[in-house]
Amino acid sequence: MDAYELVTRNTAEIVTEDELRQLLNKPTKRVYTGYEPSGEIHLGHLVTINKLMDMKAAGFDVVVLIANLHAYLNRKGTFEQIKELAEYNKACIEACGLKGAEFVLGTDVQLTPKYQTEVLTLCQEITLNRATRSMDEVGRAMDNPMVSQMVYPVMQVVDIPTLNVDAAVGGIDQRKIHMLAREHLPSLGYKPPVCIHTPIVNGLDGQKMSSSKGNVVSVADSPEEIKKKMKKAFCPPEVEGNPILQVFQYNIFPRVPEVVIRRPEKFGGNAEYQSYAELEAAYAAGKIHPMDLKAACGDSLTELLADAYAYVQSYRN
Ligand SMILES: Nc1ncnc2c1ncn2[C@@H]1O[C@H](COP(=O)(O)OP(=O)(O)OP(=O)(O)O)[C@@H](O)[C@H]1O
Ligand SMILES: N[C@@H](Cc1ccc(O)cc1)C(=O)O
């Protein structure tokens, strides 16, 4: 697979494809994703982590921002609670397989006079209306937003030149903040970033996977818990809106060369699939039973998350 294919596979949107092609021709290039320190790293986050791994393989230097100040501004906890989670999440992200990335803690770079002056300059350019709308899918309790949640997207914009990155990866829920960045960074004398947006995946109940909804598979789940969750998971006979197939597409296949569906001989014996497209076609044609698909999904996830799970266990003991 060439670099362009690696970067663009399994994405929802690239802004813009031309700019990405130009960037790929540069000898050095940097990309980042920011994560608010939160309870557990889950399969939703893993979609973006997988994309960062793709980008590393495509020749990018990868930066991960542990956005502790953003989590605070977004009312996710006290400074103390967030501080503890920041270290833990960093180690979990690394243990998910993202090796050789540079990790930056938000407060280490966001409290300088230069950064703060740039934030204030943009505050004077961006309307409250735009700032609020950019937080639609990112902000917590946005029915009654705080001023801190208006500063949040402006800071996310200034993070881009501060980290000196050429590209930003995020779920498609980050789109409106990224569009603000593209529009306003030139007025501070910076180039707009190339934005790579990944799809939002559903939890095992078919709704957006989110810690707050309790519908996640996370790095803290034991193999037994994963098995249990798989048994209960929503897995309709069709492809559309099927969370198990999404896990295969965005979490498993980007990382493994083959998936085996294990079945006794009387139910057709084992079947091997080398690509998501083949697996999806077989499932759509009724050649794989939902129970067998779910069991294979659980086995693959257990293997994929083994290192991260081991880290979580060592952290807790
Ligand atoms: N369900 C999901 N599917 C795909 N990407 C996701 C999902 N949830 C979060 N992400 C992505 O992970 C990155 C970090 O997001 P963030 O730290 O805000 O997670 P979150 O939405 O707070 O998750 P949670 O509330 O479950 O902890 C963002 O780029 C976001 O788009
Ligand atoms: N907005 C991201 C977190 C983030 C914060 C700062 C950034 O520069 C980038 C990303 C989220 O929803 O979690």
Side-chain angles (χ1 to χ4, degrees), residues 11-12 30-56 60-79 81-110 134-135 137-140 148-149 151-153 155-160 162-163 165 167-178 181 193 195-201 203 208-213 216-220 250-251 305 307-308 311-312 315:
T11 54
R30 279 161 72 82
V31 62
Y32 97 117
T33 299
Y35 300 89
E36 288 180 16
S38 66
E40 299 294 350
I41 299 299
H42 57 62
L43 296 186
H45 302 133
L46 204 62
V47 176
T48 56
I49 298 171
N50 276 343
K51 183 47 60 196
L52 291 176
M53 289 189 216
D54 283 344
M55 298 201 56
K56 186 136 211 333
F60 280 80
D61 292 330
V62 172
V63 181
V64 173
L65 176 70
I66 302 292
N68 58 342
L69 200 45
H70 279 87
Y72 183 66
L73 296 177
N74 205 11
R75 303 191 264 172
K76 294 281 181 80
T78 63
F79 258 130
Q81 289 164 333
I82 293 167
K83 189 170 168 213
E84 162 115 33
L85 279 173
E87 261 310 297
Y88 172 67
N89 281 175
K90 169 183 181 258
C92 287
I93 291 172
E94 267 179 325
C96 282
L98 182 63
K99 304 283 182 260
E102 178 189 337
F103 283 80
V104 177
L105 186 66
T107 41
D108 285 346
V109 293
Q110 292 162 340
S134 76
M135 290 294 280
E137 294 171 60
V138 174
R140 190 171 159 258
S148 62
Q149 289 167 304
V151 177
Y152 179 121
M155 281 179 50
Q156 187 163 337
V157 170
V158 174
D159 287 340
I160 292 166
T162 302
L163 296 170
V165 291
V169 162
I172 190 82
D173 54 352
Q174 308 296 314
R175 173 172 215 284
K176 289 183 187 153
I177 299 180
H178 286 163
C195 302
I196 291 129
H197 296 141
T198 48
I200 295 299
V201 294
K208 179 190 167 181
M209 184 173 289
S210 165
S211 311
S212 58
K213 296 211 179 90
V216 303
V217 171
S218 84
V219 296
Y250 298 112
N251 295 125
L305 301 177
D307 286 352
Y311 167 75
V312 172
Y315 175 85

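Every value quoted in this text rests on a predicted model; they were computed, and no experiment measured them.
Contact between Ile160 and Ala181 at its shortest, heavy atoms only, is CD1-CB, 3.8 Å. Of all heavy-atom pairs spanning Ala86 and Leu105, the tightest one is CB-CD1, 4.0 Å. The shortest heavy-atom contact between Ile66 and Pro37 is CG2-CG, 3.8 Å. Smallest separation of non-hydrogen atoms from Leu163 and Val109: CD2-CG2, 4.5 Å. Closest heavy-atom contact between Cys92 and Val312: SG-CG2, 4.0 Å. In terms of heavy-atom proximity, Leu52 sits nearest to Val64 at CD1-CG2, 4.1 Å.
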Under the side chain to side chain contact (heavy atoms under 4.5 Å, CB included) rule, what do Glu137 and Gln174 come out as? Steps first, then yes or no, please.
CA-CA 8 Å; Glu137 294 171 60; Gln174 308 296 314; over 6 Å; no

Determine whether Met135 and Ile177 satisfy the following criterion, side chain to side chain contact (heavy atoms under 4.5 Å, CB included), listing intermediate values before the conclusion.
CA-CA 7 Å; Met135 290 294 280; Ile177 299 180; 4.1 Å; yes

Should Ile41 and Ile49 be marked as a side chain to side chain contact (heavy atoms under 4.5 Å, CB included) after you check the CA-CA gap, both sets of side-chain angles, and the distance that decides it?
CA-CA 10 Å; Ile41 299 299; Ile49 298 171; 3.9 Å; yes

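Classification of the His42-His45 ring pair by plane angle, with boundaries at 30° and 60°, yields parallel. Taking the six-membered ring where the residue is Trp, Tyr72 and Phe79 present parallel rings, their angle staying beneath 30° rather than reaching 60°.
You'll find the side chain of Lys83 stays beyond 4.5 Å of the side chain of Asn68, heavy atoms only. At a threshold of 4.5 Å between non-hydrogen side-chain atoms, the residues Gln110 and Leu65 count as touching. In this structure, the side chains of Lys99 and Met53 stay at 4.5 Å or more apart for every pair of heavy atoms. Proximity of Tyr35 to Thr48: side-chain heavy atoms (C-beta onward) are separated by under 4.5 Å at one or more points. With a 4.5 Å cut-off on side-chain heavy atoms, Val217 and Asn251 do not count as touching.
For the atom pair CD1 (Ile196) and NZ (Lys51), the distance works out to 8.0 Å, reported to the nearest 0.5 Å. One finds the CG atom of Asn50 at 13.5 Å from the CE atom of Met55 (value rounded to the nearest 0.5 Å). Taking CZ of Arg75 as the start and CD of Gln149 as the end, the distance is 4.0 Å to the nearest 0.5 Å. Taken to the nearest 0.5 Å, the CD atom of Glu94 stands 10.5 Å off from the SG atom of Cys96. Residue Leu73 holds its CG atom at 8.5 Å from OH of Tyr152, rounded to the nearest 0.5 Å. Distance check, rounded to the nearest 0.5 Å: CG of Asp173 to OG of Ser134 gives 11.5 Å.
Checked against Glu36 for a side-chain hydrogen bond (donor to acceptor under 3.5 Å, both in side chains), the options Arg140, Lys76, His70 give a single hit: Lys76.
Under the 3.5 Å distance criterion, the side-chain polar atoms of Asn74 are matched with a main-chain donor or acceptor of Val138.
A donor-acceptor contact under 3.5 angstrom links the side chains of Tyr88 and Glu40, judged on distance only.
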